[in-house]
Trainee: 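Handing you this structure, nothing more for now.
Convention: sequence-line order gives letters A, B, ...; per-chain numbering from 1. Since we're looking at a predicted model, the values are computed, not measured.
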There are 2 protein chains.
Amino acid sequence: MTRPQQTISEKTIERLSVYRRYLKELQKQGKERVYSHELSKLVSGTPAQVRRDLMPVGGNGCSSKGYEVNLLIEEIAKLLDCNDKQNIALIGAGNLGRALLGYLSGSRDNYDIVALFDNDPEKYGRVICGKRCYCIDQLAEKIKEYKITTAILAVPGEAAEATAEILIGTGIKAILNFAPKHITTSSTVFIETLDITKALEKAIYFSRKNT
Amino acid sequence: MTRPQQTISEKTIERLSVYRRYLKELQKQGKERVYSHELSKLVSGTPAQVRRDLMPVGGNGCSSKGYEVNLLIEEIAKLLDCNDKQNIALIGAGNLGRALLGYLSGSRDNYDIVALFDNDPEKYGRVICGKRCYCIDQLAEKIKEYKITTAILAVPGEAAEATAEILIGTGIKAILNFAPKHITTSSTVFIETLDITKALEKAIYFSRKNT
DNA sequence: CTAAAGTTGTGAAATCTTGCACAGCGTGAT
DNA sequence: ATCACGCTGTGCAAGATTTCACAACTTTAG
């Protein structure tokens with residue numbers, strides 16, 4: 001009974017990440033089992049959606065007892081992390097970059113920011129928040145050295161595209177972009193943009209629409 | 001010829017925000033007209049999608065000459081901002097909060113972060129990045145005083161739900177949440193969550209899938 | 001004046017995503 | 001041992017979003 005391995009939608013992947021985070025909380029609390037209707041509240045979804053999301057991770061749900069927390073965490077990890085701790089690079093050690101570093105450092109067991117990059121001589125060469133900061137020029141070299149596959153881009157908008165180009169050139173596989181700039185590429189690199197001003201303008205718009 | 005005013009999808013609102021940002025750049029460059037296929041590149045979309053997005057803002061496109069940049073900016077502003085400068089509150093003056101403050105301050109002509117809140121006595125009472133920081137206890141009072149309708153929530157995950165409750169109680173209309181925690185509410189408040197770890201885990205997942 | 005090229009606005013098809021509804025199963029009560 | 005209950009897995013329908021494709025229009029060239 002091999003897993004079908006049909007492609008899983010981005011939205012499902014996102015929700016799996018959210019489910020897992022919550023499952024780990026449950027694990028700490030010592031809860032052993034969980035129902036789809038409990039998980040569904042985490043994402044404002046329906047129980048059916050949760051069950052569907054969980055299908056590709058292997059049907060380990062049990063009728064009338066729900067899902068086993070420990071097992072589910074393991075299975076989601078298998079899918080999301082491949083049991084591999086990923087090395088991440090953070091490009092840009094400005095305000096946002098340093099905040100992200102603080103935010104994402106700590107006890108993550110599936111990824112780790114291992115290197116920082118900036119083009120400001122004031123910053124590179126130093127250790128910031130416990131991580132070594134390198135000059136942008138060393139990107140290719142260090143990304144190979146640390147076997148980094150994913151980068152977080154926290155540079156000013158003007159620099160985003162050029163920096164992304166460099167990153168893509170190093171053979172990186174995914175970029176999480178915080179610059180308010182859509183990055184286009186012909187390569188297969190996965191690029192996810194978290195556009196803060198876009199999100200804020202959207203919130204502002206709906207602040208007026210919601211009666 | 002009144003505007004139909006049918007509800008516009010969230011995704012369209014997001015893209016309108018992106019279009020506008022780019023249009024403003026074009027405006028600075030002195031470009032007067034723009035085609036749908038130029039805008040479509042900004043969001044990895046198709047020209048047809050852009051034209052559809054622009055329908056609710058009033059069909060000011062002109063065959064074979066495209067859209068008038070200045071007019072389009074104006075019309076999008078009418079829809080997105082209602083020609084009103086919105087006052088925003090930022091809750092949480094930690095690393096992320098301060099970074100967001102720096103990032104969002106500056107010359108925005110449609111919104112302005114007018115007040116900061118934190119529950120740490122080290123922080124409230126002071127001026128941080130040019131903005132006065134108040135104690136969380138003063139939320140309701142100040143939100144009324146400044147006529148704030150939208151809040152940015154940048155508090156730790158554990159505090160997110162309780163703080164959101166307070167915010168909703170003050171009659172705020174929209175929340176942009178950065179805490180890694182989905183916020184559920186029975187009210188009509190619009191809540192948009194920018195979940196950084198979710199986005200990162202998604203990027204990590206696709207870093208392995210994209211050949 | 002006519003034709004060609006290029007663009008908008010939009011009905012209709014296609015695709016993607018979600019929700020419904022029910023068969024099937026394990027559990028606990030009687 | 002049987003039955004009622006509640007949950008999972010999933011076919012199918014409904015809904016949302018995107019893309020296609022083409023009529024209508026404007027400009028430019030001949």
Trainee: Between dT26(D) atom P and N60(B) atom CG, what is the distance in whole Å?
Mentor: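 Roughly 15 Å, once rounded to whole Å.
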
Trainee: Between N177(A) and E192(A), does the side-chain hydrogen bond (donor to acceptor under 3.5 Å, both in side chains) criterion hold? Intermediate values first, please.
Mentor: CA-CA 6 Å; N177(A) 172 40; E192(A) 169 80 355; over 6 Å; no

Trainee: Any carboxylate oxygen within less than 4.0 angstrom of a Lys/Arg side-chain nitrogen, looking at R20(B) and E201(A)?
Mentor: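 A salt bridge is present here (some side-chain N lies under 4.0 Å from a carboxylate O).
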
Trainee: Just the rounded figure in Å: distance from P of dT8(C) to CD of E68(B).
Mentor: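 The answer, rounded to whole Å, is 14 Å.
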
Trainee: Treating primed atoms plus P, OP1 and OP2 as sugar-phosphate and everything else as base, which nucleotides of nucleotides 16-26 of chain C get B, S or - for protein heavy atoms under 4.0 Å?
Mentor: -SSBBB--BBB

Trainee: Taking 4.0 angstrom as the limit, do D81(B) and R108(B) come out as a salt bridge?
Mentor: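 No.
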
Trainee: Is the F117(A) ring parallel, tilted or perpendicular to the Y134(A) ring (thresholds 30°, 60°)?
Mentor: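 Ring orientation of F117(A) relative to Y134(A): tilted.
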
Trainee: Starting at OH of Y19(A) and ending at P of dT8(D), how long is that distance when rounded to a whole Å?
Mentor: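 Taking atom P of dT8(D) as the reference, OH of Y19(A) is at 12 Å.
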
Trainee: H37(B) has an atom NE2; how far is it from atom P of dT19(D), in whole Å?
Mentor: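 Interatomic distance, NE2 of H37(B) to P of dT19(D): 17 Å.
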
Trainee: Using whole Å, what does the distance between atom P of nucleotide dG6(C) and atom CZ of R33(B) come to?
Mentor: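 So the CZ-P distance, R33(B) to dG6(C), works out to 18 Å.
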
Trainee: Check whether any side-chain nitrogen or oxygen of Y35(B) sits under 4.0 Å from OP1 or OP2 of dT26(D), and answer yes or no.
Mentor: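 Y35(B) to dT26(D) OP1/OP2: no side-chain N or O under 4.0 Å.
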
Trainee: Rounded to the Å, how far apart are I8(B) CD1 and dT17(D) C1'?
Mentor: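 Rounded to the whole Å, the gap is 15 Å.
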
Trainee: By side-chain contact (heavy atoms from CB on, under 4.5 Å), which residues pair with E68(A), not counting sequence neighbours?
Mentor: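 Here the qualifying residues are R33(A), L71(A).
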
Trainee: For T12(B) and I8(B), indicate whether the former's side chain and the latter's backbone hold a donor-acceptor pair under 3.5 Å.
Mentor: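 No, because the side chain of T12(B) does not come within donor-acceptor range (under 3.5 Å) of the backbone of I8(B).
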
